[in-house]
Asker: 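Below you will find the structure I want to go over with you.
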Amino acid sequence: MAENTPDLSGHKVLAVVTNYGVEQDELVVPVQHLRDAGAEVTVAATKDEQIRTLVGDKDPGKAVEPTAKLADIDPGQYALLLVPGGTLNADSLRLDEDALRIARDFTSGGRPVAAICHGPWLLVETGAVKGKTLTSYPSLRTDITNAGAAQWVDKEVVRCDAEGFTLITSRNPGDLDAFLRETDAVLAAA
């Protein structure tokens, strides 16, 4: 375990993705980091087939095996929801009924959500950004503010505890260190 990383043993994290287009480092790095800290991480995809990641939304990345299908997930079993980005992934995920059901369960149940890059699109679709302060990939700014966010800010990580649940957001893979520090802190306190 890395220095300053809390022991996350006993905590269950759910990462939700589609099978194509998730930004490689926004899935692989947090999943490995959380597992190394002792958390049990389930990677749930839309289909029970290999996840094909991308680097920079265009170059082929690592293949990842999902551990579950979104349709089979009981979100109440998890302490934190991780929503990686990738334009294609996030755009498809926000149209997936199972992903929407899972996100609504977390936000209405007051459990934390960590979304990076284009990941907040899923929360825009559920209405969960209303009243929140958050960040994202810059091209989502208008969507987020039009969805009722209190404020969109250009920072490497933003934690917002307003509106009944904690939301951790970051802009891109370059912000992963700050994103993971804040995710660790929230999960350790859960």
Side-chain angles (χ1 to χ4, degrees), residues 8 10-23 26-28 30-31 34-35 39-54 64-137 140 143-150 158-170 179 182-183 186-187 190:
L8 300 177
H11 293 282
K12 293 177 76 174
V13 175
L14 176 64
V16 294
V17 296
T18 59
N19 292 85
Y20 180 76
V22 65
E23 184 67 28
E26 293 171 6
L27 173 62
V28 174
V31 167
L34 291 165
R35 286 178 176 160
E40 180 184 327
V41 182
T42 298
V43 178
T46 48
K47 299 175 192 162
D48 189 20
E49 53 190 56
Q50 201 170 61
I51 299 162
R52 294 179 14 219
T53 70
L54 294 176
V64 175
E65 293 299 327
T67 50
K69 280 178 37 179
L70 290 173
D72 298 333
I73 291 296
D74 172 3
Q77 303 298 309
Y78 298 90
L80 181 132
L81 178 63
L82 173 65
V83 187
T87 308
L88 297 172
N89 172 67
D91 193 40
S92 296
L93 200 61
R94 69 182 176 155
L95 299 176
D96 184 275
E97 287 303 319
D98 290 309
L100 293 167
R101 169 185 59 83
I102 291 165
R104 286 184 186 110
D105 189 273
F106 271 87
T107 59
S108 67
R111 285 173 291 136
V113 177
I116 188 167
C117 197
H118 287 80
W121 256 344
L122 179 61
L123 302 173
V124 166
E125 200 65 33
T126 66
V129 298
K130 188 173 176 128
K132 292 291 215 182
T133 297
L134 67 153
T135 194
S136 67
Y137 193 76
L140 272 64
D143 291 347
I144 287 169
T145 55
N146 286 344
V158 176
R159 174 183 173 168
C160 180
D161 296 316
E163 304 300 323
F165 76 100
T166 299
L167 177 61
I168 304 154
T169 52
S170 285
F179 180 72
E182 198 62 42
T183 300
V186 168
L187 191 55

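Residue numbers count from 1 along this sequence.
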Asker: Val22 versus Glu26: any side-chain heavy-atom pair under 4.5 Å?
Answerer: no
Asker: For Thr126, give me all partners under side-chain hydrogen bond (donor to acceptor under 3.5 Å, both in side chains), at least two apart in sequence or on another chain.
Answerer: none
Asker: Going by heavy atoms in the side chains, are Trp121 and Val129 under 4.5 Å from each other?
Answerer: no
Asker: Determine yes or no for a side-chain-to-main-chain donor-acceptor pair under 3.5 angstrom, with Lys130 supplying the side chain and Ala147 the backbone.
Answerer: no
Asker: Can you run down the salt bridge (Lys or Arg N to Asp or Glu O under 4.0 Å) pairs that involve residues 79-96, sequence neighbours left out, and say none if there aren't any?
Answerer: Asp91-Arg94
Asker: Under the rule for side-chain hydrogen bond (donor to acceptor under 3.5 Å, both in side chains), what residues qualify as partners of Thr46, not counting sequence neighbours?
Answerer: Asn19
Asker: Taking all non-hydrogen atoms of both residues into account, name the closest pair between Lys47 and Pro66 and its distance.
Answerer: O-CG, 4.0 Å
Asker: Counting C-beta onward and ignoring hydrogens, is there a side-chain heavy-atom pair between Leu82 and Leu14 closer than 4.5 Å?
Answerer: no
Asker: Looking only at heavy atoms, which two atoms of Val113 and Thr107 are closest? And how far apart?
Answerer: CG2-CG2, 4.1 Å
Asker: Is the backbone N or O of Ala39 less than 3.5 Å from a side-chain atom of Lys12, with the two atoms forming a donor-acceptor pair by type?
Answerer: no
Asker: Taking only distance into account, with no hydrogens and no angle test, what donor-acceptor pairs under 3.5 Å do side-chain atoms of residues 68-77 form with protein atoms, sequence neighbours excluded?
Answerer:
unit_1 : atom_1 : unit_2 : atom_2 : d
Asp74  : OD1    : Gly76  : N      : 3.1
Asp74  : OD2    : Gln77  : NE2    : 3.1

Asker: Using side-chain heavy atoms (C-beta onward) and a distance below 4.5 Å, is Cys160 in contact with Leu134?
Answerer: no
Asker: Report the residues that fulfil ring-ring contact (aromatic ring centres under 6.0 Å, His included) with Phe165, sequence neighbours left out, ordered by chain and then residue number.
Answerer: none
Asker: Can you name the residues that form a side-chain hydrogen bond (donor to acceptor under 3.5 Å, both in side chains) with Glu49, not counting sequence neighbours?
Answerer: none
